[in-house]
Amino acid sequence: MSTPERVRYHACPLCEATCGLEIRTRGREVVGIRGNTADVFSQGFICPKAYALKELDADPDRLRTPLVRRNGTLQPATWDEAFAEIDRHLMPIVREHGRDAVAVYLGNPSAHSMALSVYGQVLLRALGSKNVFSASTVDQMPKQVSSGLMFGTVLSVPVPDLDRTDYLLMLGANPFASNGSLMTAPDVPGRLRAIRKRGGKVVVVDPRRTRTAAEASEHHFIRPGSDAFLLLGIVHTIFADKLVKLGRLAKHVVGVEQVEALARAFAPEVVASRCGIDVAVIRRLAREIAQAPTAAVYGRIGTCTQEFGTLASWLIDVINVLTGHLDRPGGAMFTKPATSGPTTRGTPGRGKGVRFGRRNSRVRQAPEVYGEFPCACLAEEIETPGAGQVRALITIAGNPVLSTPNGTRLARALESLDFMISLDIYVNETSRHADVVLPGLSALEQSHYDVLLRQLAIRNVATYSKPVFEAPANQQPEWQTLLRLAAIVSGQGAECDVDALDDFVAMQRVEQDVSAPGSPIHGRNAADIMAALAPHRGPERMLDLMLRTGAYGDGFGAKADGLRLAQLEANPHGVDLGALQPRIPEVLRTPSGKIELAPEPLVADVERLRAALTRPENGMVLIGRRDLRSNNSWMHNLDVLVKGKPRCTAQMHSSDAQRLGLSDGAIARVVTRADSIDVPVEVTDDILPGVVSIPHGWGHDEPEARMRVAAANAGVNSNRLADELALDPLSGNAVLNGIPVTIERAQ
Ligand code: SF4
């Protein structure tokens, strides 16, 4: 008798959209994947990446056993051997050189995985090193800094209320490729089309005419890195034309006069040539936003990964506030997530706010931001001798050799480490340097709840997915791996009792909650709460706790029909908690209890922008590019996502190509202070003259990496060109957009 087919429901963990999938299986095999039409949020939408989950699950290159370096090569080992090796080599480094000698790098998938996001923090606390780095500083950190300063927490990030807005101004974002970011929403393309269909307007500002730009009501090319100039020109016009309309926010905002004073020097006539957008257009955009019944300004990676990233991120919300569109249906709003988090914990309407620079990196004295240093500092912390030098590294689901600036220098630095551990599903360009590689499970062997990104969703929704397949007995879930690492770095040795440690970690979290004023379980008995969380363990127990103490939770009996994990388990298509609702002042956690429109660090940084007004233009500049079939570098090992025309090309305008003597397919040598790469040219008129665009995450030609499909489609690592010394000073984010380059023919 043949094995029957079964249907399982699982959220796609590959990007922020978290679309619902309907997965047909036969035994241990995936037979088909399609969108789950019953999913309360995605309603059947998926993108081509979802189909790759089948290939990823079956990929023979995906690691299924730990690897330990013996005689110079990574060789299969048992879990016990791997942890014994870690204990043997890591702890002497800690004992001799201190905890800061061990650095941790967290890759982007850490934000999507419940296990990695919750238990990664357990490892960091147990390790106690100040040398923490992550992909956040090549991505969204500027937005988190500006939002934290304005509204009070790391996750106080307003998201555009896409389904109800009449007008969307979008900068540096290409959701037709990325499906949105810092804006969790399945089918953003469909939602953008719906804005236009209902008579609204979508305006895209981007140095490239992306697919998103092509489908917008209008598109304006902008000089890379100059978004802050455009935005200040808009702010200037809003004041000059008396369009400020704070509405119900008036009594909750401070700093309006300071912003008005700052914007005086940035009239459209002053900024137009700097950003490349006409004076009349800047004025019109300001008026349209201010006069639209509902509107939202939204910026994403292009506005973050630039030298004025935090200023641009701030000015976006300054406009949302000044035009009265913040915290209104159809405007930029705050999610009220199901799990308790920074925007729902603590005292509604007041908090401690955020503080940065509590310590500095050792070599270049870069200030800490949200507990981490810029990832662009990692190589120098490894290379530079002296007290506090990084001698060991733990990477968690990351490939910083490809995703952070000056990958060539970082790869060299990794070779000099005394010891390195990687938690990864592949031996990639980074983990190939490790002494021990600890594999993760297949995405389909894991449960899923997007704890972090559901806090930035355009609708309040909670979805929990059970694993599609049981994990093989000889494999270990990531949360247990992280607990065992935590046990080792806290001196408990390689053979800890994982269950006991998990109980300890959960109890610590419960004790925090019962002692926190404002918590729905404040003053309750911690042991009773722990008993109520049984029989869940691991991430499920933590999730149940976060749900039950969250905004919709049952408060462990306080609200009879309140949310708990059991309810989500019974509803595999998700639970819809409704459209976003106004949250000001309750959402604010600034010490003043107000929206801080002119936080001091941002005001001070405007001087840097003013100085740049008269700076001579760079010649050619480099920007990145996102493709629908790519997100993380490991996706390049899946044939279904890399087949077809090579996508790692240098797009440039026909006028630039002609001037440089380059034609389609010619090999260009692109040179920066950091390095040079040779890359095939793709001539297009969908890019601003003077700009060259190369996608990141490629460059799979490193020896020893074990990704065969990727190696056959290697491309080049564009981040070799990024200058590790060029940072947005407030956030520590690397400058990846607007990098000055020279270009010549390679042969
Ligand atoms: S949009 Fe994102 S979440 Fe949805 S199917 Fe594609 S990769 Fe998965």
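The chain is numbered in sequence order, starting from 1. These numbers come from a predicted model, not from an experiment. First listed ligand is number 1; within each ligand, the first listed atom is number 1.
Scanning the protein for heavy atoms near atom 8 (Fe) of ligand 1, the closest one is Cys12 SG, 2.3 Å. Taking atom 7 (S) of ligand 1 as the reference point, the nearest protein heavy-atom neighbour is Lys49 CE, 3.4 Å. Here the protein heavy atom with the shortest distance to atom 5 (S) of ligand 1 is Cys47 N, 3.4 Å. What sits closest to atom 4 (Fe) of ligand 1 on the protein, heavy atoms only, is Cys19 SG, 2.3 Å.
Residue Thr18 has at least one heavy-atom neighbour below 4.0 Å for each of these atoms of ligand 1: 3 (S). Listed by number with element, the atoms of ligand 1 under 4.0 Å from a non-hydrogen atom of Ala50 are 5 (S). Listed by number with element, the atoms of ligand 1 under 4.0 Å from a non-hydrogen atom of Leu14 are 7 (S).
Ion pairing of Arg28 with Asp57 is present here, as a side-chain N (NZ or NE/NH1/NH2) and a carboxylate O approach within less than 4.0 Å. A salt bridge does not link Asp61 to Arg706: none of the charged nitrogens lies less than 4.0 Å from a carboxylate oxygen. A salt bridge links Asp163 to Arg191: one of the charged nitrogens lies within less than 4.0 Å of a carboxylate oxygen.
In summary, the aromatic rings of Tyr464 and His448 are positioned with their centroids too far apart to meet the 6.0 Å limit.
Other residues, nucleotides and ligands place more than 12 heavy atoms under 6.0 Å from the CZ atom of Arg64.
Taking the six-membered ring for Trp and thresholds of 30 and 60 degrees, Trp698 and His636 have nearly parallel ring planes, at less than 30 degrees apart.
Contact annotation: Cys15 places no N, O or S atom under 2.8 Å from atom 8 (Fe) of ligand 1.
With a 4.0 Å cut-off on non-hydrogen atoms, Leu21 does not touch ligand 1 at all.
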